[in-house]
*Asks:* 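One structure, pasted below without further comment.
Residue numbers start from 1 in every chain, and the chains themselves are labelled A, B, ... in the order their sequence lines are given, proteins ahead of strands.
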Protein chains: 2
Amino acid sequence: MERKIDLNGFLENKQNFIPHLSIDSVIFGFHQDQLKVLLLRVHDSGVWSLSGGFVRMDEGIDPAALRILRERTGLENIYLEQYHTFGHEERSKNNTLADILDFGHTEEFRNSWLNKRFVSIGYYALVDFSKVNPTPDSFSDKAAWFDLKDLPPMIFDHREMIDKALESLRANLDTKLVGFNLLPETFTMPELQSLYETVLGYPLRRNNFQRKMLGMDILERIEKLYTGAANKAPYLYKFKAPSIEAV
Amino acid sequence: MERKIDLNGFLENKQNFIPHLSIDSVIFGFHQDQLKVLLLRVHDSGVWSLSGGFVRMDEGIDPAALRILRERTGLENIYLEQYHTFGHEERSKNNTLADILDFGHTEEFRNSWLNKRFVSIGYYALVDFSKVNPTPDSFSDKAAWFDLKDLPPMIFDHREMIDKALESLRANLDTKLVGFNLLPETFTMPELQSLYETVLGYPLRRNNFQRKMLGMDILERIEKLYTGAANKAPYLYKFKAPSIEAV
DNA sequence: GTATTATTGTCTCAAAATGGGAAAATAATA
DNA sequence: TATTATTTTCCCATTTTGAGACAATAATAC
C-alpha cells in the first residue's frame, strides 16, 4: 500500500521532542445549541483522535499546547486549561496507531519512538466555533466537528479524555465564568442560557438565569437585536472582563 | 568530598524509568491546629524537596505515585489526588540538584539523565499525621514536617507546587469532603472545624459549621470524649463513608 | 453540695439567595 | 388593531445562610 502520510522527521524524532510525553487538547465549540469537539481523522481510517502533539526539549508544556492549537485551528488567542494528565500504562494499547495505520513502512513505525508508551497531558480549549479553521496534522487527513453526544470511534483513551474534560468544564463554568469563550463577542441572553444548559446537561429557568447573570455585573448590555422574528427582540450583551486568560 | 548518597543504578537509569518525567507529591498532614507538609532535605544541604520519584516504563502514573508515597510514609492506603502537571521549560533550573549537591561524582551526575529537563506530575496526598513514619529517599538525608506557613528554601519550583496544591485542596474541601482524610478515625467537632479553618485560612462560626456538617448526614456520633478539662465534653464523630478513595 | 468557669451544643430570628409562577413588554404578522 | 411568540421584569413562597443568644455540662473551687 502506498504511503500517504508524511512522517518525515517524525520517526526519527528530528525535532527533538520529549519522548514518551504527549499533549492532547479537547477543543470545545458551541454551534446550533450543541456542544462540539474538533476531531482529526487518522489517515485512511474510521478512527478519530484529539488534537495532539509533542513537547520540544526546550519548550514549556503550555506554549506547546498553544502551538498545537494554533496549527489545528488557525487561532491565536485561545482559552486553554490543563485539566488532567493521563498515564495509565496501557492507555496507548487500544486502537494503536500501528493497529490503524497500514501504510507500508509499518516495521519502521513499530520500532520508532512514536509507537512507545506515552503519558499525555490533557488540556481543553474553548473557542469561537465560527472563527475556527479546522486543519488536519501529519497523522490525519481530515478535521471535523462532532456533537459531543454523537462521537465517532476514537483512538487510545481519547474518549475518556473527552469525558473528563467535560467534567472539568462543567465544574469551571460557574466559578471561572469560562463559558463566554465559547460564544462570539456579542450574544443574547437566550443564547447564553442555551450554552449553559448544553454544557450542564439540564434545563434552567429563564427568569432565574437572567437574574443570576445580570446580578454578577459582568455583562454589558448593548443594543437590541432585530432578527425579523415576530416577537420581542432580545438585547445583545458582551462580557465585560476580557475573555481568554488562562494558561 | 566523600560521596554520601547512594545513587547506584540511578545515574544509569537501571530501573528503566521514563526519562524527563517525574512525579512529586505534596503530603499534607494536620497537627496541633496547623497544616503541615512532609518534606525531604536534600543530602548535606539546607534545601528541601517534595516527595518525588520516577515512573517505570511499565507502570501507571497513579500506581507510581502510590509506590513513592508508600516508601516515604510507610502507609498503605492513602488519599491521593493528581492536581496539576508542571512543565515550564526552566522549572528545574533553579536550585538544581547539581547546584546543591557536591559529592565528588559531579561530572558523572551532570551528564546523567537525572540532570535533564523534567516535566513533573503533581499529586497531593492527605494523611493521618500520627500514622506517618517519615522516611528519606536516596537523594535526601532527612524527612520532616513543616508548617505550611513556615516553609524552608525549596528545590526547583517545589514551593509553587505546594501553593497550587493548597489551592486545589481548598477547592475540594467542601465538594469532595476530602478533609476527613487528614484526621484520625474519630474526632470532635471543634477539631474538624479547626481543620477547615486552617485549610481555608479564615474563621468559621461554631453554630453554623456544626449545623452544616450534621446536616449533610455524613457523620456518625459516637460517645463523648472526656478530656479532663473543666467544661462540657465534646462528642466524638466518625466519617460514615469510607475514607480514602481517589486515584 | 453549690457556685464558678470554660467549652460545647442548640435554638431562634433576620437577611439573603433560590425556586417557581405570572404578568408586562414588544417585534412582526394577520 | 388584534394576535402570536418571545423576551424581560416582577413578585411571593421557600430554603439557605449569617449572627446572636441561650442552654448544657465537666471539672474545679469553695
*Asks:* What I'd like to find out is whether the side chain of A:L151 reaches to under 4.5 Å of the side chain of A:W48, using heavy atoms alone.
*Replies:* no
*Asks:* For residues 195-217 of chain B, which residue pairs pass the salt bridge (charged side-chain N to carboxylate O under 4.0 Å, His left out) check, not counting sequence neighbours?
*Replies:* B:D174-B:K212, B:D217-B:K240
*Asks:* With A:E167, which residues qualify under side chain to side chain contact (heavy atoms under 4.5 Å, CB included), at least two apart?
*Replies:* none
*Asks:* So B:F86 and B:F118, do their side chains get closer than 4.5 Å, heavy atoms only?
*Replies:* no
*Asks:* Can you tell me the distance, in whole Å, between the CG atom of A:L204 and the P atom of C:dG20?
*Replies:* 12 Å
*Asks:* For DNA chain C, whose closest nucleotide is more 5', that of A:A229 or that of A:K212?
*Replies:* A:K212
*Asks:* Hey, could you give me each pair passing salt bridge (charged side-chain N to carboxylate O under 4.0 Å, His left out) that has a residue in residues 154-165 of chain B? Not counting sequence neighbours.
*Replies:* B:R91-B:D157, B:R159-B:D163
*Asks:* From CG of A:D174 over to P of C:dT18, roughly how many Å is that when rounded to an integer?
*Replies:* 10 Å
*Asks:* Let me test you: for the helix from C:dG1-D:dC30 to C:dA30-D:dT1, what is the angle between the axes at its two ends (five pairs each), rounded to 10 degrees?
*Replies:* 30°
*Asks:* What does the B/S/- profile of nucleotides 5-17 of chain C look like, 5' to 3', with a 4.0 Å heavy-atom cutoff to protein?
*Replies:* BBBBBBBB-----
*Asks:* It should be established whether B:R205 places a side-chain nitrogen or oxygen under 4.0 Å from OP1 or OP2 of nucleotide D:dA19.
*Replies:* yes
*Asks:* For A:F209, check ring pair (Phe, Tyr, Trp, His ring centres under 6.0 Å) against everything at least two apart and list the hits.
*Replies:* A:Y196
*Asks:* Go through residues 192-202 of chain A and report each residue with a non-hydrogen atom lying under 4.0 Å from DNA chain D, sorted by number.
*Replies:* none
*Asks:* Go through the structure and list residues passing side chain to side chain contact (heavy atoms under 4.5 Å, CB included) with B:A125, not counting sequence neighbours.
*Replies:* B:I27, B:L69, B:I78, B:L80
*Asks:* Tell me, which pairs form a salt bridge (charged side-chain N to carboxylate O under 4.0 Å, His left out) where one or both residues lie in residues 119-133 of chain B, sequence neighbours left out?
*Replies:* B:D128-B:K131
*Asks:* Quickly work out the B:M216 CE to D:dT15 P distance and round it to whole Å.
*Replies:* 20 Å
*Asks:* List in chain and number order the residues that pass side-chain hydrogen bond (donor to acceptor under 3.5 Å, both in side chains) with A:D141, two or more places apart in sequence or in another chain; answer none if no residue qualifies.
*Replies:* A:R41
*Asks:* Checking B:H88 now: which residues fulfil ring pair (Phe, Tyr, Trp, His ring centres under 6.0 Å) with it, not counting sequence neighbours?
*Replies:* none
*Asks:* For residues 180-189 of chain B, which residue pairs pass the salt bridge (charged side-chain N to carboxylate O under 4.0 Å, His left out) check, not counting sequence neighbours?
*Replies:* none
